[in-house]
Amino acid sequence: MIRSVLSASLVMPVWQHGAFRVEGLDEDAFTLGLGALRQLGPQLQTEGARALRRLHVVGSFPSEVEWAFGEALGIPLLEVRRHAPSAPALWGALAAAAHDEGSNGREAVVAADLASISVGPSGSPVVQGGAGAVAFLLGSEPGLAVLQHGFHGHPAGRPPSIKGVVSGWLNALDLPKGRGAGEAVLSVEYEAARWSAIWEEMAPGISVTLVDTPANGAGSMVHAARLLWELGRRLRTGALGVVGESVRGRSGFAGFRLDGPVRWLGSWGPGGPGLHPSGGKFLERNVTLNAVSQGAYVPYPRYLENLASRWRLVGERCLHCHALTFPMAGRCRSCGRSGNAHAETLSRDGLEVVAVTTISPGAQPTEFDPMVEAGGGYDVALLSLGPECRATVQVTDTLPGQLRVGDRVGLVLRRLYPMEGEWRYGLKAVPERSDVGSPGVGLTVHSPARRRQGPSSSVPTGRRATPRERGGPKARRRRPGR
Ligand SMILES: [Zn+2]
């Protein structure tokens, strides 16, 4: 079965630092990649003949993604294949997804960049590359067909002959010198003018567009995907396209042919500024996974037990009295019957804020200490999930104190806190807003004065005044006796 790219999705974190978008303290490659996959929308099907069967992950993903993507998407038998984090590997993953013989059904490719943060000469953190994630969905319908691809390494300081590289790519695509018509989008680190001239000489029918490396602060995965978007915008139906990248140590290319429409979802073009974080230590990413929290302890088996409710908002509808029980408890909360219910997935979008509280630094449960120390306080909102159901969740991707009763939010999966050497994840609310990314929102807000004096293990007095603030529908499950 041959597949083509049917749609492509790009997500960037809302947080801005200098020229770069930087992932929030509760984001990682998994949550960014999941955001890009979910943005593909209803084309990403979980069952039936067009269900997603296999996922190719490109980048530095935690080991949990081998089961966590399938769990978060509600596709229990999703097969995950890993690829190295590089532009040629992304194109190779697209080719693998397009030409996989061993499966039928749809395949997807997801790739993510985390911000590249190093310590500058003054000892303060410096951002050198931005964060973001892309996802591609491939199916048997006509779309962007994936042809040949390849790459080779070369020693740093001894770049290859440009003529040799271009002629190799043209031969691989079966385009003998001077023949063929289409578009090429290239990103080269050196001698851009010579690359252009050599293309014009060797392949006069193929127009060349040069893209800076890397454009607008993007990381390498997002950059490689943007080359494809540039190509997709330029290609006419039936035409041949080539993307190529030549950087220190490596040159790679991939060939495509546009057979049908491709949906490009998300912020592919140049975006506006994001939000400036309020926490003064936002860039210091030194949370230790083995920190022992004095707060709530949730054993790993219990965490895994109810992920459908915690991650996908699945509840149970009683077949006898029609009451909804959320989170799932195996027994109707209204009539008490068990074993007589079917799963019902609640909507995660357009949820109304019923109440909202700001948790100032010092008032948080101790498992959130590292996140609050780095990023400042946060809001907790009570949401209406439907006529019979409410949930308390943490709010993210906004500055504390901005959300109002009556606002609409959506739910996204994010990191909660580290426990037993791993991150635990849960749903958090993000404001539904069109203003992020448009000019004028990039306000710098200073973090409120810290009230807390004692060590992080002391129980802050503010804690009892903020009931069930731990974020996520899981909060209720933690009460003893349930
Ligand atoms: Zn019932």
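Note that this is a predicted model, so its numbers are computed, not measured. Whatever order the structure lists them in is the order used to number ligands and atoms, beginning at 1.
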Could you confirm whether Cys318 has any N/O/S atom lying under 2.8 Å from the Zn ion (ligand 1)? yes
For the Zn ion (ligand 1), does an N/O/S atom of Cys321 lie at less than 2.8 Å? yes
Selection residues 82-97 - residue pairs positive for side-chain hydrogen bond (donor to acceptor under 3.5 Å, both in side chains), sequence neighbours left out: His56-His83, Glu66-Arg82
Just to confirm my numbers, could you give the angle made at the Zn ion (ligand 1) by SG of Cys332 and SG of Cys335, rounded to 10°? 110°
Quick one: does Arg348's side chain have a donor or acceptor within less than 3.5 Å of a partner on Leu411's backbone? yes
Report the relative orientation of the aromatic rings in Trp311 and Tyr425; use parallel for angles under 30°, tilted for 30 to 60°, perpendicular for over 60°. perpendicular
As an exercise, state the distance from CZ of Arg310 to CE of Met328, rounded to the nearest 0.5 Å. 11.0 Å
